[in-house]
Amino acid sequence: MTIRDAQQIVLASGNPGKIREIQAILKNQTIIAQSQFNVPEAEETGTTFVENAIIKARNAAEFCKMPAIADDSGIVVDALGGAPGVISARYAGVGASDSENLEKLLNDLQNVPEEQKTARFICVMVFLQHANDPFPIIAQGVWEGQILPAPVGENGFGYDPVFFVPGYNCASAQLSPEVKNSISHRGKALKQLTALMENIFKTAI
Ligand code: IMP
């Protein structure tokens with residue numbers, strides 16, 4: 001099978017927004033959420049975003065016996081040596097809520113001067129043709145900002161209420177979903193991944 005034969009791709013995420021965005025670009029393939037196949041959750045044992053994205057994609061590709069896309073994302077804070085990083089979703093402990101994670105982050109930064117609270121959201125997206133694919137397509141998006149002293153805004157999720165977006169002079173949680181998608185780490189990674197994939201589907205022999 002060549003890469004161009006891939007008619008269906010499993011997405012190792014249940015996020016309907018992500019599925020819609022990828023589907024809109026890859027028109028000749030059908031993107032299916034892994035929840036449709038009851039794929040068991042993969043254990044994210046990597047120390048980097050790229051390792052975890054590959055683990056998730058490989059898990060979905062192996063279980064469904066089809067090509068897979070996965071992403072891994074999080075927030076990296078300079079003053080904390082890169083933490084929360086790959087454990088962003090469970091920074092305050094396994095099963096912690098968004099507000100508990102955010103509270104821990106603000107607590108860890110309470111003695112750090114404002115100008116040293118530089119941070120970035122990272123998103124890595126990968127495409128595997130099959131579970132043993134030795135040459136994954138890898139895309140990454142970075143969104144630079146700064147951690148605010150207190151949460152503001154109602155939109156988004158996770159660390160959005162404490163992520164200051166310099167170009168817009170507000171928190172990420174104060175941006176509309178459309179604006180956020182157009183400038184975010186996830187938006188950038190998705191654009192890069194789909195461009196790389198489109199190119200491969202066009203040129204594969
Ligand atoms: P993942 O599902 O393993 O990729 O974990 C991502 C975690 O990183 C989320 O649970 C959030 O805590 C954080 N995160 C990633 N992207 C964003 C974002 O766009 N806004 C806010 N938090 C984010």
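Whatever order the structure lists them in is the order used to number ligands and atoms, beginning at 1.
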Next item on the list: Begin from the C-alpha positions of I22 and I9 and carry the test side chain to side chain contact (heavy atoms under 4.5 Å, CB included) through to its verdict.
Entry: CA-CA 10 Å; I22 298 174; I9 298 173; over 6 Å; no

Check: Is there a side-chain contact between P84 and V77, using heavy atoms and a 4.5 Å cut-off?
Finding: yes

Note to self: Would you say that more than 12 heavy atoms from the other residues, nucleotides or ligands in this model lie under 6.0 Å from the CD of E103, or not?
What the structure shows: no

Note to self: Using a 4.0 Å cutoff against the non-hydrogen atoms of G158, which atoms of ligand 1 qualify?
What the structure shows: 21 (C), 22 (N)

Margin query: Under a 4.0 angstrom heavy-atom cut-off, which atoms of ligand 1 come close to K180?
Written below: 18 (C), 19 (O), 20 (N)

Next item on the list: Considering non-hydrogen atoms only, spot the tightest contact between L102 and P151 and give its length.
Entry: CD2-CG, 3.8 Å

Checklist line | Atom indices of ligand 1, in the order listed, that fall short of 4.0 Å to a heavy atom of G74 | finding: 8 (O), 15 (C)

Checklist line | Nearest-contact summary for atom 16 (N) of ligand 1 - protein heavy atom, Å | finding: R186 NH2, 2.8 Å

Checklist line | Residue part near ligand 1, for R90, under 4.0 Å between non-hydrogen atoms | finding: neither

Margin query: Return the closest protein heavy atom for atom 10 (O) of ligand 1 as residue, atom name and distance.
Written below: A89 CB, 3.4 Å

Checklist line | Within one Ile-Leu-Val-Met-Phe-Trp-Tyr cluster: V39 and M125, side-chain cutoff 4.5 Å | finding: no

Check: How about Q110 and N107: does a side-chain donor come under 3.5 Å of a side-chain acceptor?
Finding: yes

Next item on the list: Tell me which protein heavy atom sits closest to atom 20 (N) of ligand 1, plus the residue, atom name and distance to 0.1 Å.
Entry: D160 OD1, 2.9 Å

Next item on the list: Verify side chain to side chain contact (heavy atoms under 4.5 Å, CB included) between S172 and K180, making sure each step is shown before the conclusion.
Entry: CA-CA 7 Å; S172 166; K180 185 185 165 190; 4.0 Å; yes

Next item on the list: With heavy atoms of E44 as the reference, note each atom of ligand 1 found under 4.0 Å away.
Entry: 3 (O)

Notebook entry, point to check: Has N101 got any heavy atom lying under 4.0 angstrom from an atom of ligand 1?
Noted result: no

Margin query: Please list the nearest protein heavy atom to atom 17 (C) of ligand 1 with its residue and the distance rounded to 0.1 Å.
Written below: F157 CZ, 3.3 Å

Notebook entry, point to check: In terms of residue, atom name and distance, what is the protein heavy atom nearest to atom 22 (N) of ligand 1?
Noted result: Y159 N, 3.1 Å

Checklist line | Enclosure of E154 CD (heavy-atom neighbours >12, cutoff 6.0 Å) | finding: no

Note to self: Let me check something: do I31 and L128 share a hydrophobic cluster, defined by ILVMFWY side-chain heavy atoms less than 4.5 Å apart, either directly or through other members?
What the structure shows: no

Margin query: At less than 4.0 angstrom from any non-hydrogen atom of D72, what atoms of ligand 1 do you find?
Written below: 1 (P), 3 (O), 4 (O)

Notebook entry, point to check: What's the shortest distance from atom 15 (C) of ligand 1 to any protein heavy atom, and which residue and atom give it?
Noted result: S73 OG, 3.2 Å

Item checked: Qualifying residue for ring-ring contact (aromatic ring centres under 6.0 Å, His included) with F163, from Y168, F157, W143 -> W143

Check: Backbone, side chain, both or neither: what part of F163 comes under 4.0 angstrom of ligand 1, heavy atoms only?
Finding: neither

Note to self: Tell me the protein heavy atom at minimum distance from atom 2 (O) of ligand 1, and give that distance in Å.
What the structure shows: K56 NZ, 4.3 Å

